[in-house]
Amino acid sequence: MLLLIKYRPTWKRKTVTSALVAFIAVAAVLLFFIPKDLFTADRWLIIDLFWNSVSNDLYPYAQQTAIGNYPGAMPFYFLLCLPFHYLGEIGFITLVAIALLSVYFYRKSVQSYTLFFIFLASSACIYWEIFSRSTLLINTTLFSLLLWILNAYPRFSNRMWLGSALVGGLLFSMRTVFVLPLIVWGTVSVVSRKGKTPQTNRLGRCFPTRLCRHFSSFYCGIST
């Protein structure tokens with residue numbers, strides 16, 4: 001990996017794009033042949049259980065999988081996965097995340113685009129994400145997209161602030177663990193930004209305050 005970063009192999013952009021399309025297509029085909037219950041992860045089962053319960057007029061959060069897990073995420077998480085539930089394959093959502101990341105790196109340098117594909121195709125974690133029907137990669141991708149948008153926050157209008165807050169709240173309702181990197185990013189971004197204004201100073205104080213509240217609620221949770 002270090003050698004790849006040092007020497008930065010460079011392929012033609014069209015070659016990388018073709019390789020990524022082939023990777024996604026092959027993975028999509030393999031999803032039809034690799035059993036869903038081959039792995040111990042039951043994220044796909046929780047999603048199917050949630051929507052099957054809704055279809056049968058049952059309270060979805062009271063249902064339990066075979067290994068004892070309950071649907072714990074907020075409804076937006078299940079709404080995001082609903083199209084893939086109807087398609088009958090939750091694993092497609094990870095391929096959508098890979099496609100979004102591919103578009104992002106396509107806009108970068110050809111070296112970054114090449115390295116993205118090499119790391120993607122050689123990562124065992126990516127294959128686990130795809131074939132275990134996990135949803136972590138799509139959550140991470142959407143969260144990263146939010147951070148990229150928030151980089152322009154000094155130019156935000158009030159409507160943009162409200163819109164980003166709404167989108168951020170929906171994303172954090174899927175995996176609250178992403179609140180921690182947001183707090184770190186926000187603190188560093190506001191503190192290091194030149195030309196501070198009273199608005200950015202107030203914003204900067206919000207992040208460490210939220211960090212303290214996050215850990216205090218966690219401590220109270222484990223101590224009771």
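For Phe84, there are no ring-ring contact (aromatic ring centres under 6.0 Å, His included) partners, not counting sequence neighbours. Annotation: ring-ring contact (aromatic ring centres under 6.0 Å, His included) contacts of Phe33 (sequence neighbours excluded): none. Not counting sequence neighbours, the partners of Thr17 by the side-chain hydrogen bond (donor to acceptor under 3.5 Å, both in side chains) test are Tyr113. Considering only residues two or more places apart in sequence or on other chains, Ala28 meets the side-chain contact (heavy atoms from CB on, under 4.5 Å) condition with Phe92, Leu95. Asp42 is linked by a side-chain hydrogen bond (donor to acceptor under 3.5 Å, both in side chains) to Thr65, Asn69, counting only residues two or more places apart in sequence or in another chain. Remark: Thr15 pairs with no residue by the side-chain hydrogen bond (donor to acceptor under 3.5 Å, both in side chains) rule, at least two apart or across chains. A search for ring-ring contact (aromatic ring centres under 6.0 Å, His included) contacts involving Phe131 returns nothing, not counting sequence neighbours. By the side-chain hydrogen bond (donor to acceptor under 3.5 Å, both in side chains) test, Ser134 is found to be paired with Glu129, residues two or more places apart in sequence or in another chain being considered. For the ring-ring contact (aromatic ring centres under 6.0 Å, His included) test, residues two or more places apart in sequence or in another chain that qualify with Phe39 are Trp128. Ser112 is linked by a side-chain contact (heavy atoms from CB on, under 4.5 Å) to Phe105, Lys108, Ser109, counting only residues two or more places apart in sequence or in another chain.
When all heavy atoms are compared, the tightest approach of Pro60 to Pro71 is O-CG, 3.4 Å. Closest approach of Thr114 and Trp11 over heavy atoms only: OG1-N, 3.2 Å. Scanning all heavy atoms of the two residues, the minimum distance from Tyr61 to Tyr70 falls at O-CD2, 3.8 Å. Across all non-hydrogen atoms, the minimal contact from Ala19 to Phe117 is CB-CZ, 3.5 Å. When all heavy atoms are compared, the tightest approach of Gln63 to Leu58 is NE2-CB, 3.9 Å.
At a threshold of 4.5 Å between non-hydrogen side-chain atoms, the residues Thr141 and Val96 do not count as touching. A 4.5 Å side-chain heavy-atom check between Leu30 and Ile130 finds every atom pair outside the cut-off.
Checked by atom type, the side-chain pair Tyr77/Thr135 shows a donor-acceptor distance below 3.5 Å.
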Handout entry: Leu49 vs Gln64, side chain to side chain contact (heavy atoms under 4.5 Å, CB included): CA-CA, chis, key distance, verdict
Key = CA-CA 8 Å; Leu49 180 65; Gln64 191 176 19; 5.7 Å; no
Exercise for the section: Under the side chain to side chain contact (heavy atoms under 4.5 Å, CB included) rule, what do Tyr104 and Leu100 come out as? Steps first, then yes or no, please. Expected result: CA-CA 6 Å; Tyr104 173 80; Leu100 291 174; over 6 Å; no
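Under a hydrophobic-cluster definition in which Ile, Leu, Val, Met, Phe, Trp and Tyr are linked whenever side-chain heavy atoms come within less than 4.5 Å, directly or via other members, Phe76 and Phe50 are assigned to the same cluster. Linking Ile, Leu, Val, Met, Phe, Trp and Tyr whenever their side-chain heavy atoms come within less than 4.5 Å puts Leu82 and Ile47 in one cluster. Val26 is not connected to Val21 by any chain of hydrophobic side-chain contacts under 4.5 Å among Ile, Leu, Val, Met, Phe, Trp and Tyr, and they are in different clusters. By the rule that hydrophobic residues join a cluster once side-chain heavy atoms approach within less than 4.5 Å of another member, Ile93 and Val103 end up as members of separate clusters.
At distances below 3.5 Å, not a single donor-acceptor pair connects side-chain atoms of Arg133 with backbone N or O atoms of Leu45. Put simply, the side chain of Trp51 gets close to the backbone of Phe78: a donor and an acceptor are under 3.5 Å apart.
Asp48 CG to Ser53 OG: the interatomic distance, rounded to the nearest 0.5 Å, is 10.5 Å. Here Ile98 contributes atom CD1 and Ile138 contributes atom CD1; the two are 10.0 Å apart, rounded to the nearest 0.5 Å. From Thr140, atom OG1 reaches atom CG of Leu136 across 4.0 Å, with rounding to the nearest 0.5 Å. The OG1 atom of Thr94 sits 9.5 Å away from atom CD of Glu89, with the distance rounded to the nearest 0.5 Å.
Within the structure, no pair that satisfies the salt bridge (Lys or Arg N to Asp or Glu O under 4.0 Å) test touches residues 23-41, not counting sequence neighbours. Applying the salt bridge (Lys or Arg N to Asp or Glu O under 4.0 Å) test to residues at least two apart or on different chains, none of the pairs has a partner in residues 53-70.
Around OH of Tyr127, the count of heavy atoms belonging to other residues, nucleotides or ligands within 6.0 Å exceeds 12.
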